[in-house]
Amino acid sequence: MIPAISGMSAGLGGEWNIGSIGSIGSTSAPGATSPASFGGALSSALNSLESTQAAATTASEQLATGQLTDPTKAVTAVEEASLSMDLASQISNKLVTATNTIFQTTV
Amino acid sequence: MSFFDSIDVAASGLTAERLRMDITSENLANAQTTNGPGGTPYQRQEVVLQQVGGTFGQQLAGVMGGTAPAPGGVSVAGIVKDPTPDQLIYDPSNPSANKQGYVRMPNVNSVTEMTDLISESNSYQADVTAMQTAKTMYSKTLELLK
């Protein structure tokens, strides 16, 4: 792997440990996952993404129904959800590119 | 410190400036109110802001340990009343006038309130710019992955 890219994704150190992907379902509880495995890192990242999306939805609903007195809270919740989603989609794109690269390797 | 902290700090500034704007509007609206609570004229109000994480214990720990507390933004310490004495205006026809014909008017100066409004508006815009810049920085970092 290219050193610059592997250094950047140091948090996902075990990303080629494909054998642990099968444990995603059993480690879905947030906080209980071990970030050392790729499956655990992916699972906790998706859980935090889901919670930011839920917070944004709640804030938007409260703003629409007039329960939220501070519009700033809704703005920050929506912005954080949007940025987290961008990050997740970029990482997903990167993984797809890496997988395609492997598949196109001529042996 | 997570990256979203800068957005949260800017958001706390937005909330604080909004409250300052509310209080200034209240002062302007009641600039002629001679019958406030208790029959006294309206008293001008001011917002006191404080730094989050800026309590004495945290500051002391920061000085002693050498590690300053993480930035947490701004919060409202309280809304206080301006102790400046009321203005006495001669207006015998006013029902609130005393025997000598003087009316006690609120201690609100419209010019001061207008300059406060401008200052609050500028601070709000500065906070919005800070939030926008933090967002742009994060987006630019994400573009590295493309």
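On a predicted model such as this, the values are computed, not experimentally measured, just so you know.
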Asks: Quick check: do B/Ile7 and A/Leu83 have side-chain heavy atoms less than 4.5 Å from each other?
Replies: yes
Asks: Given the rule in the side chain to side chain contact (heavy atoms under 4.5 Å, CB included) test, do A/Thr76 and B/Phe4 qualify, once you have shown the distances and angles that lead to the verdict?
Replies: CA-CA 9 Å; A/Thr76 48; B/Phe4 290 138; over 6 Å; no
Asks: Check whether A/Thr52 gets within reach of chain B through its side chain, its backbone, both or neither, counting any heavy atom under 4.5 Å.
Replies: neither
Asks: Is there a path of hydrophobic side-chain contacts, each under 4.5 Å between heavy atoms, that joins B/Val52 and B/Val76?
Replies: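 No; tracing contacts between hydrophobic side chains, which count when under 4.5 Å, never links both residues.
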Asks: What distance do A/Leu87 atom CG and B/Leu145 atom CG have between them, rounded to the nearest 0.5 Å?
Replies: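 That separation rounds to 7.0 Å.
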Asks: Could you give the distance from CD (B/Gln132) to CD (A/Glu79), rounded to the nearest 0.5 Å?
Replies: 9.0 Å
Asks: Which residues in residues 15-32 of chain B have a heavy atom less than 4.5 Å from any heavy atom of chain A?
Replies: B/Thr15, B/Arg18
Asks: Mind checking the OH-OG spacing from B/Tyr138 to A/Ser82? Nearest 0.5 Å is all I need.
Replies: 10.0 Å
Asks: Which residues in residues 83-94 of chain B have any heavy atom lying under 4.5 Å from a heavy atom of chain A?
Replies: none
Asks: Side-chain contact, heavy-atom cut-off 4.5 Å: A/Gln90 with B/Leu144?
Replies: no
Asks: Under a single-linkage definition using a 4.5 Å side-chain heavy-atom cutoff for Ile, Leu, Val, Met, Phe, Trp and Tyr, are B/Met105 and B/Met114 assigned to the same hydrophobic cluster?
Replies: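 Different hydrophobic clusters.
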Asks: B/Ile79 and B/Leu49: same hydrophobic cluster, using ILVMFWY side-chain contacts below 4.5 Å?
Replies: yes
Asks: Are A/Met85 and A/Val78 connected in the hydrophobic side-chain network, where two residues link if heavy atoms are under 4.5 Å apart?
Replies: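 No, because A/Met85 and A/Val78 fall into different hydrophobic clusters, even though each may have its own neighbours under 4.5 Å.
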Asks: Measure the CG-CD distance between A/Asp86 and B/Glu143 for me, rounded to the nearest 0.5 Å.
Replies: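 Atom-to-atom, A/Asp86:CG and B/Glu143:CD are 10.0 Å apart.
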